[in-house]
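Source: prediction; values computed, not measured. Just so it is clear, the values below take in all heavy atoms, side chains as well, and ignore hydrogens, waters and symmetry mates.
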Amino acid sequence: MNQPPLLRVQHLCAWYGAAQVLHGVDLQVGRGEVVALMGRNGAGKSSTMKSLIGMGPRRTGAISFIGHDLSRCKPHEPARLGLGFVPEDRRIFTDLTVLENLEVGRQAARRWPDGTAAPQWSVERVFALFPALAALRHRRGAHMSGGEQQMLCIARTLMGQPFMLLLDEPTEGVAPIIMDQLAHMVLSLKAQGVSVLLSEQNLPFAARVCDRAYVLEKGVVRFQGSMQALHADTAAWHAFLGL
């Protein structure tokens, strides 16, 4: 990478009680880069995501985001710095409409450390990215499908004007047509300079949108390299992804 990484994680370890779930995870994500964090269920993908924003497990190690130390952060602090998190369980406000959910997530526009403007997200822009949401703008979250809720959760996070998104299992349980829309969304964000760390088990989806990949097995990084290299490595598929 020519520029310093946007996110740098060094020797991240994490525990739930006495059980250690992450063992010295190192990873980094550059500006405008899409990186996959892959592995079977229970490999440590979601634990890594939650550790980055101060949710869930006890942790040690170094986490740096745009030069800010997140090693001891509380969950609201990364969001204020422009690190957006889209959880696996979505967590939209089911009693609020689409528009109301988007307004809840709204934050002020941001600038990169060099002073240049970061991508700015408005209701109109997220509706352009997810046209299906525009038609549902007055629908309450409780009356939306799983795929529609996933789109809303991502759109709400974009309203926080993130420099980078953490997407935890975005394709799980959604229809193929929604996967296509999610792939378009990720590639559009990349084209605009937004970085993405994508926790995913779906190799074809990851291969479609990601530049590089890290593969976890029992909380240990077993593979790191280009997405192209992983896609071509059938031994790694069988060993670490169960494909």
Side-chain angles (χ1 to χ4, degrees), residues 1-10 12 22 25-40 43-46 48-49 51-53 62-67 70 78 81-86 88 110 112-114 116 118-119 121 129 150 154 157-158 161-172 174 178-217 220-237 239-241 243:
M1 300 177 186
N2 296 327
Q3 298 179 338
L6 203 63
L7 175 73
R8 187 193 298 274
V9 180
Q10 295 172 294
L12 178 64
L22 298 178
V25 171
D26 294 330
L27 62 85
Q28 61 185 43
V29 181
R31 181 169 168 178
E33 188 178 32
V34 181
V35 175
L37 184 64
M38 305 197 72
R40 292 184 176 96
K45 303 185 302 297
S46 291
T48 300
M49 293 283 195
S51 293
L52 296 181
I53 61 166
I63 305 170
S64 174
F65 177 65
I66 321 183
L70 299 184
L81 292 171
L83 182 59
F85 178 50
V86 180
E88 180 181 5
R110 302 182 190 273
W112 293 100
D114 62 9
T116 58
W121 295 93
L129 192 61
Q150 182 67 281
I154 295 171
T157 305
L158 289 176
Q161 316 302 336
F163 295 118
M164 179 176 170
L165 279 183
L166 305 178
L167 295 181
D168 194 4
E169 301 280 7
T171 68
E172 185 173 3
V174 303
I178 301 295
M179 288 190 196
D180 287 341
Q181 293 177 35
L182 292 174
H184 171 77
M185 177 274 299
V186 171
L187 293 173
S188 178
L189 293 178
K190 176 184 175 181
Q192 296 174 69
V194 177
S195 303
V196 178
L197 179 61
L198 173 74
S199 166
E200 189 55 76
Q201 293 186 71
N202 186 325
L203 182 61
F205 179 84
R208 186 173 171 184
V209 301
C210 295
D211 302 299
R212 293 188 299 111
Y214 296 87
V215 179
L216 290 175
E217 183 191 39
V220 177
V221 175
R222 298 297 189 185
F223 173 96
Q224 58 178 301
S226 71
M227 192 70 237
Q228 183 179 13
L230 176 60
H231 195 245
D233 190 345
T234 54
W237 299 3
F240 308 128
L241 300 177
L243 301 177

* **Backbone of Leu198 reached by a side-chain donor or acceptor of Lys45 within 3.5 Å** => no
* Asked: Just by distance, do the side chain of Asp211 and the backbone of Val35 share a donor-acceptor pair under 3.5 Å?
  -> no
* Asked: Is the backbone N or O of Glu88 less than 3.5 Å from a side-chain atom of Glu169, with the two atoms forming a donor-acceptor pair by type?
  -> no
* Can you tell which of Arg212, Gln10, Glu33 makes a side chain to side chain contact (heavy atoms under 4.5 Å, CB included) with Gln28? -> Arg212
* To do: Spell out, as yes or no, whether a donor-acceptor pair under 3.5 Å connects the side chain of Gln161 to the backbone of Trp121.
  => yes
* Asked: Is the side chain of Glu200 donor-acceptor paired with the backbone N or O of Asn202 at a distance under 3.5 Å, no angle test?
  -> yes
* Asked: So, the side chain of Trp112 versus the backbone of Phe163: is there a donor-acceptor pair under 3.5 Å, distance only?
  -> no
* Structure fact -> The reported gap from CG in Leu189 to CG in Leu129 (rounded to nearest 0.5 angstrom) is 6.0 Å
* Asked: Do other residues, nucleotides or ligands put more than 12 heavy atoms under 6.0 Å from the CD atom of Gln192?
  -> yes
* Asked: Counting N and O atoms only, with roles assigned by atom type, does the side chain of Ser188 sit under 3.5 Å from a partner on the main chain of His184, one being a donor and the other an acceptor?
  -> no
* Sidechain-backbone polar pair: Ser195 side chain, Gly30 backbone, donor-acceptor under 3.5 Å -> yes
* Asked: Does a side-chain heavy-atom distance below 4.5 Å link Ile53 with Leu70?
  -> no
* Asked: Should the pair Arg8-Asp26 be classified as a salt bridge under the 4.0 Å nitrogen-to-oxygen rule?
  -> no
